[in-house]
Student: 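Have a look at this one before I ask anything.
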Amino acid sequence: MKNSEGILGGGPAGHPPHAEGQQPEGVLVQSARDRRVLDWIISQVGHQAIEEACCSLAGRRRTYPSNIAKVLGLSPPSSLELTPPDEALRHIADLKRLFSKSEK
């Protein structure tokens with residue numbers, strides 16, 4: 001991996017510019033929880049450590065944020081498992097709009 005921008009640059013976590021659910025250079029973010037965990041890992045160790053962890057995953061383990069955290073010896077706080085209330089309300093509102101459009 002070239003540099004810290006190579007692994008995470010190009011789009012916000014969870015919103016990759018070129019592949020569904022995959023960050024540039026391989027960090028796999030497939031849910032809002034993955035995005036929160038990745039953001040937390042970045043705040044703890046920075047981009048360079050994530051690059052190195054991606055390169056050192058054993059066997060066929062994929063580069064999900066949870067696997068990267070394990071390689072780095074980190075345990076993300078359980079609070080990251082829960083969707084924050086404001087995010088949940090936005091998601092519910094989006095779903096309501098989607099369903100109201102499909103009923104017409």
Student: Nearest 0.5 Å, please: how far is CG in L28 from OG1 in T63?
Tutor: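 Between T63 OG1 and L28 CG, I get 4.0 Å after rounding to 0.5 Å.
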
Student: Between atom OG of S31 and atom OH of Y64, what is the distance when rounded to the nearest 0.5 Å?
Tutor: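 With rounding to 0.5 Å, OG (S31) is 10.0 Å from OH (Y64).
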
Student: Atom CD1 of I68 and atom CG of L38: how far apart are they, to the nearest 0.5 Å?
Tutor: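 Taking CD1 in I68 and CG in L38, the distance rounds to 6.5 Å.
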
Student: Which residues satisfy the side-chain hydrogen bond (donor to acceptor under 3.5 Å, both in side chains) test with R97, sequence neighbours excluded?
Tutor: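 Checked R97 against side-chain hydrogen bond (donor to acceptor under 3.5 Å, both in side chains); matches are D94.
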
Student: Any chance you could measure R36, atom CZ, to I41, atom CD1, to the nearest 0.5 Å?
Tutor: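 Between atom CZ of R36 and atom CD1 of I41 there are 13.0 Å.
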
Student: Considering residues at least two apart in sequence or located in another chain, which fulfil the salt bridge (charged side-chain N to carboxylate O under 4.0 Å, His left out) criterion with R61?
Tutor: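 Not a single residue meets the salt bridge (charged side-chain N to carboxylate O under 4.0 Å, His left out) criterion with R61.
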
Student: With P77, which residues qualify under side-chain contact (heavy atoms from CB on, under 4.5 Å), at least two apart?
Tutor: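 Result, side-chain contact (heavy atoms from CB on, under 4.5 Å) vs P77: W40, S79, L80.
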
Student: Which hydrophobic side chains are connected to L57, either touching it within the sub-4.5 Å cutoff or through other members that do?
Tutor: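 Once heavy-atom contacts under 4.5 Å are chained together, L57 belongs with V71.
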
Student: Starting at SG of C54, measure out to CG of N67 and round the result to the nearest 0.5 Å.
Tutor: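 So the SG of C54 and the CG of N67 are separated by 10.0 Å.
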
Student: Under a 4.5 Å cut-off applied to non-hydrogen side-chain atoms, are V37 and D39 in contact?
Tutor: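 Result no, sub-4.5 Å side-chain heavy-atom pair not found.
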
Student: What's the spacing between R62 CZ and Q30 CD if we round to 0.5 Å?
Tutor: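 Reported to 0.5 Å precision, the distance equals 7.0 Å.
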
Student: For I92, give me all partners under side-chain contact (heavy atoms from CB on, under 4.5 Å), at least two apart in sequence or on another chain.
Tutor: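 I92 satisfies side-chain contact (heavy atoms from CB on, under 4.5 Å) with K96 only.
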
Student: Testing the basics here: between D34 and P65, what is the closest heavy-atom pair and its distance to 0.1 Å?
Tutor: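 Nearest pair, atom of D34 first, then P65: O-CG, 3.6 Å.
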
Student: Tell me every residue that passes side-chain contact (heavy atoms from CB on, under 4.5 Å) with A88, counting only those two or more places apart in sequence or in another chain.
Tutor: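 side-chain contact (heavy atoms from CB on, under 4.5 Å) check on A88 returns T83.
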
